[in-house]
Amino acid sequence: MANPDTLEFLFYIDLDSGKPNSVAVVGDAVAVAVENDVTGVAGEVRFFDTDGNFLNSVPAGFLPDALTVSDDGNLLAVANEGEPDYNIPVDPEGSATIVDLSNGVMNAVATQVSFTSISESDLDESIRIFGPQTNIAQDLEPEYVAFNGDNSQLFVSCQENNAMVVIDVMSAEVTDIWGLGFKDHLLEDNALDASNEDGAINIVNWPTQGMYQPDAIHSYTVDGVTYILTANEGDAREYFFEDSLGNEFEAYVEETRVADVVLDQSLLDAYPGIQDEANLGRIKMTTSMGDTDGDGDFDEIYTFGGRSFSIYTTDGQQVYDSGSDFERITAELIAENFNSTNDENDSFDNRSDDKGPEPEGIEIGMVNTRMYAFIGLERVGGVMVYDITDPLNPTYERYLQNRDFSGDAEAGTAGDLGPEGLVFVGADESADGEAYIVTSNEVSGTITAHRLTSLFDVVYGCTDDEATNYDAEANTDDGSCEYIGCELFISEYGVGSGSNRWVEIYNPTGQDVELDGYAWPNVSNSNPFPGSYEYWNGFNDGHVLAAGDVYILAHPDADAAILAEADQTFPYMPDGNAGFALVKGTEADFEIIDMF
């Protein structure tokens with residue numbers, strides 16, 4: 001990326017053996033998660049220099065998948081998926097690997113983290129343990145990993161299981177597991193297009209529960225609190241085996257269509273025609289759950305993926321979900337190609353019965369003081385961009401799309417198809433000083449760098465929507481916010497024994513206030529100038545009164561406990577027969593704000 005406008009292919013690395021599943025940059029080296037050619041044999045992480053020369057390797061678990069590196073570069077983690085192979089047959093355990101890189105890749109030390117300590121009592125109702133003839137550790141299939149803000153915890157998403165495993169990094173032990181919950185598609189904000197046979201965009205509510213089942217995850221920290229972002233793709237289990245003649249047979253397949261199952265009469269009565277192909281009949285559901293009373297029909301319908309991205313706390317509380325945004329936005333911007341598949345054009349509505357746009361990859365990055373999330377849509381393509389500076393109130397920014405719907409996918413003229421991985425390159429890291437989001441596109445085999453700086457120009461103004469001068473176009477607060485009826489005021493004054501006298505001024509404005517623009521003139525009971533002040537008194541030079549804080553004036557001879565709280569002393573404090581005012585402005589031109 002020396003010239004981001006013209007990306008140049010340099011070389012490829014021949015692994016000789018194994019299958020690469022993930023790569024990550026570690027300082028001046030590149031780490032590759034390599035799956036063994038034989039199922040049931042553990043894989044490894046191999047390190048290469050930037051010229052492609054092999055440096056070192058460390059052991060991993062079965063089918064190492066996603067890699068992640070801690071922000072300080074001292075740790076690397078691997079999600080070991082451990083999928084079964086019914087031709088052997090074998091079902092390896094899912095696990096994680098933590099690699100200590102503090103002494104460099106040549107001295108890397110790997111620690112394997114087993115999931116065998118997880119028991120049934122640890123599982124909540126949204127965690128799925130359902131594979132045939134497996135224990136919990138075998139059934140869990142790690143997909144992605146992310147460290148928390150201080151690298152003390154590692155979060156491991158298990159996609160098919162709809163679960164998150166939490167690992168203590170220091171002890172390399174599992175400390176928690178929590179389910180990601182279900183998405184109620186009857187809620188207005190969670191509508192979806194469920195049919196590829198209705199010939200139209202039809203984003204409506206249906207009585208289904210979406211299993212979030214994230215693929216990629218990412219963490220970030222706001223005000224010392226770590227949050228986990230998830231790209232809620234969804235995935236079903238489909239395992240097959242072949243006989244000696246090459247005939248393929250099902251070992252386990254959980255996926256079916258709503259039209260092909262027996263639904264409970266209560267669903268049929270509540271939603272007439274629910275199993276019609278133009279309604280909910282085409283959507284794919286799991287047969288692993290939903291028969292709540294065990295009578296052989298389905299009382300509840302569980303579908304794959306959330307068609308969204310979510311934000312969770314580290315203990316599993318969902319604080320945000322993008323709802324039906326992705327389908328509504330693409331319906332507006334690329335209506336003629338809504339929910340297209342990723343290997344052919346002219347495929348309008350093709351993926352509505354599956355998992356819609358299928359958000360798969362997720363990355364974050366800071367651009368012009370704002371934190372953004374970038375979510376790759378595997379099927380229809382493109383990258384959704386959200387401002388996540390406030391994790392409780394993310395906002396949609398724009399949709400980056402480099403697919404050519406008039407081109408030919410097979411001929412390689414359709415642009416980017418199937419964004420799989422995303423990498424953010426900050427302005428301080430790039431060759432031209434601008435920020436980029438780089439996508440690797442699985443189907444088209446292309447790499448694309450999207451320049452971001454020009455897309456996110458700094459707009460200064462008041463960003464607080466409770467202020468009278470709130471600017472909806474501003475993305476960087478300049479401290480200019482103004483508030484109706486909200487000013488400093490005298491919140492307390494006291495006249496005690498002796499010199500124990502004080503005045504307290506409170507800042508309720510919601511922003512820090514410089515006191516150089518304020519004063520506190522006073523008068524005595526023998527003021528020779530009725531109607532005006534007698535003494536003009538200023539605050540300490542340069543003092544900034546923080547939002548929600550107080551400024552205390554006290555007599556210099558007051559008790560030590562009062563002086564310990566005082567910001568300023570003054571020998572002529574009010575004693576019950578003098579006046580005191582809080583004013584804004586200059587001695588020649590001021591406004592009285594409060595007085596006693």
Side-chain angles (χ1 to χ4, degrees), residues 13 15-37 40-83 92-118 137 140-158 164-176 215-220 226 228 314 363 421 423:
I13 299 173
L15 295 179
D16 294 327
S17 64
K19 302 171 185 176
N21 287 325
S22 180
V23 298
V25 175
V26 184
D28 294 328
V30 176
V32 183
V34 181
E35 171 189 352
N36 199 288
D37 290 324
V41 178
E44 60 184 3
V45 178
R46 298 179 193 169
F47 297 96
F48 300 85
D49 66 21
T50 53
D51 291 321
N53 300 305
F54 175 78
L55 297 174
N56 192 18
S57 66
V58 294
F62 302 105
L63 207 166
D65 196 348
L67 294 173
T68 194
V69 180
S70 62
D71 289 339
D72 61 10
N74 288 328
L75 294 169
L76 179 147
V78 192
N80 302 309
E81 193 164 9
E83 285 186 340
E93 292 181 356
S95 66
T97 301
I98 299 174
V99 183
D100 183 353
L101 299 172
S102 58
N103 294 314
V105 298
M106 299 303 294
N107 298 295
V109 177
T111 301
Q112 310 306 323
V113 184
S114 170
F115 291 173
T116 55
S117 64
I118 300 172
L140 290 170
E141 295 184 5
E143 191 77 23
Y144 229 86
V145 282
F147 290 101
N148 71 338
D150 63 5
N151 303 322
S152 62
Q153 292 180 306
L154 180 68
F155 296 86
V156 185
S157 63
C158 299
M164 191 77 70
V165 175
V166 185
I167 294 170
D168 176 75
V169 172
M170 181 67 70
S171 64
E173 294 181 350
V174 173
T175 58
D176 197 8
D215 189 320
I217 65 174
H218 208 298
S219 72
Y220 79 125
T226 296
I228 310 297
T314 55
E363 174 68 299
V423 175

* Mind checking side chain to side chain contact (heavy atoms under 4.5 Å, CB included) for Asn148 and listing every partner two or more places apart, or none if nothing turns up? => Asp150, Ser152, Gln153, Phe155, Thr226
* To do: Using modelled atom types only, decide if a donor and an acceptor are shared between the side chain of Glu93 and the backbone of Gly61 within a distance under 3.5 Å.
  => no
* Asked: Between Asp100 and Thr111, is any pair of side-chain heavy atoms under 4.5 Å apart?
  -> no
* **Any Arg46 side-chain heavy atom under 4.5 Å of Ile13 side chain** => no
* **Atom pair CD1 (Ile228) and OG1 (Thr314), whose distance is rounded to the nearest 0.5 Å** => 7.0 Å
* Any side-chain heavy atom of Val23 within less than 4.5 Å of one from Phe48? -> no
* Asked: So, do Val165 and Pro142 sit near enough that their side-chain heavy atoms are less than 4.5 Å apart?
  -> no
* Rounded to the nearest 0.5 Å, how far does OG of Ser102 lie from CG of Asn107? -> 9.0 Å
* Kindly compute the distance separating OG (Ser17) from CG (Asn36), expressed to the nearest 0.5 Å. => 7.5 Å
* Should Leu67 and Val69 count as side-chain neighbours, where that means a heavy-atom distance under 4.5 Å? -> no
* To do: May I ask you to decide if Tyr144's main-chain N or O and Ser157's side chain share a donor-acceptor pair within less than 3.5 Å?
  => yes
* Asked: Do the side chain of Asp37 and the main chain of Gly18 share a donor and acceptor less than 3.5 angstrom apart?
  -> yes
* Do Val25 and Val423 have side-chain heavy atoms sitting under 4.5 Å apart? -> no
* Exam field: side chain Asp72 to backbone Asn74, donor-acceptor pair closer than 3.5 Å -> yes
* Got Asn21 and Leu63 here, is their nearest side-chain heavy-atom distance under 4.5 Å? -> yes
* Asked: Below 4.5 Å, heavy atoms only, C-beta onward: do Val174 and Ile167 meet side chain to side chain?
  -> yes
* N/O donor-acceptor pair under 3.5 Å between Ser219 side chain and Phe147 backbone -> yes
* Say whether, by atom type as modelled, one donor and one acceptor occur between the side chain of Asp168 and the main chain of Thr175 under 3.5 angstrom. => no
